[in-house]
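Each residue takes its place number in the sequence, starting with 1.
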Amino acid sequence: MSVRLALALALLGGCAEKLPEAHVMPLVGEEKAFVRDVAELGIHKGFAARVALDAVLLRPAPTPAAAAIAATPPDAVLTWEPTFAEIAASGDLGWTTGPYQAHRAGDPATIGHGHYVSVWRKDGAQWRLVVDGGSPHPPPLDLPDRFTYAAPRTSSVSADQDAELKSLRAAEDALVAGLTTPGRGAQALVEVAAPDLRYHPPGSFPVTGPGAVQTALLARADALTYAPRGAGVSAAGDLGYVYGDATRQASPQAPPEQGGYLRIWRRAADGRWQLALDLTLTEPAPKAMP
C-alpha cells in the first residue's frame, strides 16, 4: 500500500468518527429547520407545522398552541439560534435554548431581544414542539453564544413513565413549596440545582450555575408564586418538564403580574431529580381605558 493511499484511508477513518455532540445534532437540526420554516412561511404557518396537538406556548401564561399562534401578529418577524441542547437517553424528549430577536416587519427599530426555550417530543419519527417560551431582556453585548450541549445520557431508571411522572411532580411540588416559603426561596432552588442550572428571571439576562443563580435571587426583591399545570417525562425517566401559571409582585404595593413558567428537570447519577432550567415570564396587567 502506498503512503498516499494509507494517508487517505486514515483521513477517511477520522472523518467517520462521531463528533462529541452527535447525539444532540438531530434535535439541533430540527430546531434550525424550524427557524427556516418561520423565515420562509411566516410565523403562523411555520409554528403550525411544528407544534404537537397538545403543545402550549408561554404568551406569557401557558396557552394552547393554536390560540397562541392565532393571536400572534402575522407581520411578526422572529429569528433565533440554538446554543444549548440536551436529549434524553431514550431519544424521545429534548430541549434547546439560545438567543432570539423579534420585531414587526418593516420596523426593525422596535427589535426586541431575549432567550427562548423549546421542549421537543418525538411523536413516531417526527420531532414536535410541546412547550415553548421566550424571556425578553435588554440588548446583549455583541458576543455570540458558544454552542454547548449536555453529555449523552445512559438510561438507569425504570421505564415506568407513570411512576417517573409522579416522582417528577413530587419534586416540582416540593420546590414550589420551598420557593414560596419566606426567606427560603434562593436556598430551595440551589438545593435542587444541577451544576449547569440555567435561570431565566423575568426581564433579566439568564444566568448559569447554582452560585450565580443564588446571587441573582438574593439581588431580587420581587415575590413569585407558581401553580403547576402540566408535565411530561421521557420514556427513560431521566428527563422531564413542568409548566404552569406564575404570578409576580415587584413590591408589596405593586399590582400583581400574571404569566407562566417552565422548568426542565433531569435525573442525577444518584437518582435525584435536579433542576436544569427555570424560566419565568410575567407581564403587567393592561391598563384600563379611561
Side-chain angles (χ1 to χ4, degrees), residues 31 34 38 43 47 51 54-73 76 78-84 95-103 110-120 129-140 172 175-176 179-180 185-186 189 197-208 213 216-217 219-232 240-251 254-265 275-287:
E31 188 75 62
F34 183 25
V38 169
I43 201 163
F47 266 78
V51 296
D54 57 344
V56 296
L57 310 182
L58 303 185
R59 298 295 188 267
T63 306
I69 293 168
T72 303
L78 181 65
T79 60
W80 67 98
E81 176 70 21
T83 56
F84 179 86
W95 62 285
T96 68
T97 184
Y100 76 80
Q101 294 184 356
H103 64 88
T110 61
I111 191 166
H113 299 267
H115 271 70
Y116 83 92
V117 182
S118 293
V119 180
W120 294 83
L129 190 68
V130 288
V131 188
D132 178 79
S135 178
H137 56 63
E172 175 69 23
L175 175 57
V176 168
L179 289 172
T180 54
L189 199 65
L197 169 64
R198 285 167 163 77
Y199 175 59
H200 297 243
S204 298
F205 292 104
V207 294
T208 303
V213 170
L217 282 168
R220 297 185 69 90
D222 51 1
L224 291 158
T225 58
Y226 302 95
R229 194 194 291 186
Y241 63 90
V242 180
Y243 67 87
D245 299 301
T247 302
R248 172 179 180 256
Q249 199 154 7
S251 68
E257 299 178 6
Q258 303 299 325
Y261 79 95
L262 167 65
R263 294 195 180 101
I264 297 174
W265 296 81
L275 190 63
L277 179 135
D278 187 304
L279 167 73
T280 302
L281 308 172
T282 63
E283 63 182 24
K287 292 183 179 180

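Here the closest heavy-atom approach between residue P228 and residue E172 is recorded as CG-CG, 4.0 Å. Among all heavy-atom pairs drawn from T83 and P99, the shortest one is CG2-CD, 3.7 Å. Considering all non-hydrogen atoms of both residues, G133 and L58 come closest at CA-CB, 4.1 Å.
Taking the side chain as every heavy atom from C-beta outward, L281 and E257 never approach each other to under 4.5 Å. By the 4.5 Å heavy-atom criterion applied to side chains, P138 and H113 are not counted as neighbours. At least one side-chain heavy atom of L189 sits under 4.5 Å from a side-chain heavy atom of L275. The shortest side-chain heavy-atom distance between L78 and F47 falls under the 4.5 Å cut-off. Looking at heavy atoms from C-beta onward, E31 lies out of side-chain contact with L129 at the 4.5 angstrom threshold. The shortest distance between side-chain heavy atoms of P206 and R198 does not fall below 4.5 Å.
Counting only distance, with no hydrogens or angles, the side chain of T63 and the backbone of A61 share a donor-acceptor pair below 3.5 Å. Checking side-chain atoms of Q249 against main-chain N and O of A254 turns up a donor-acceptor pair under 3.5 Å.
A salt bridge links D245 with R229: at least one charged nitrogen is closer than 4.0 Å to a carboxylate oxygen.
When each of T280, V207, T97 is checked for a side chain to side chain contact (heavy atoms under 4.5 Å, CB included) with H200, only T97 meets the rule. For the side chain to side chain contact (heavy atoms under 4.5 Å, CB included) test with T96, the passing option among F84, Y116, F34 is Y116; the others fail.
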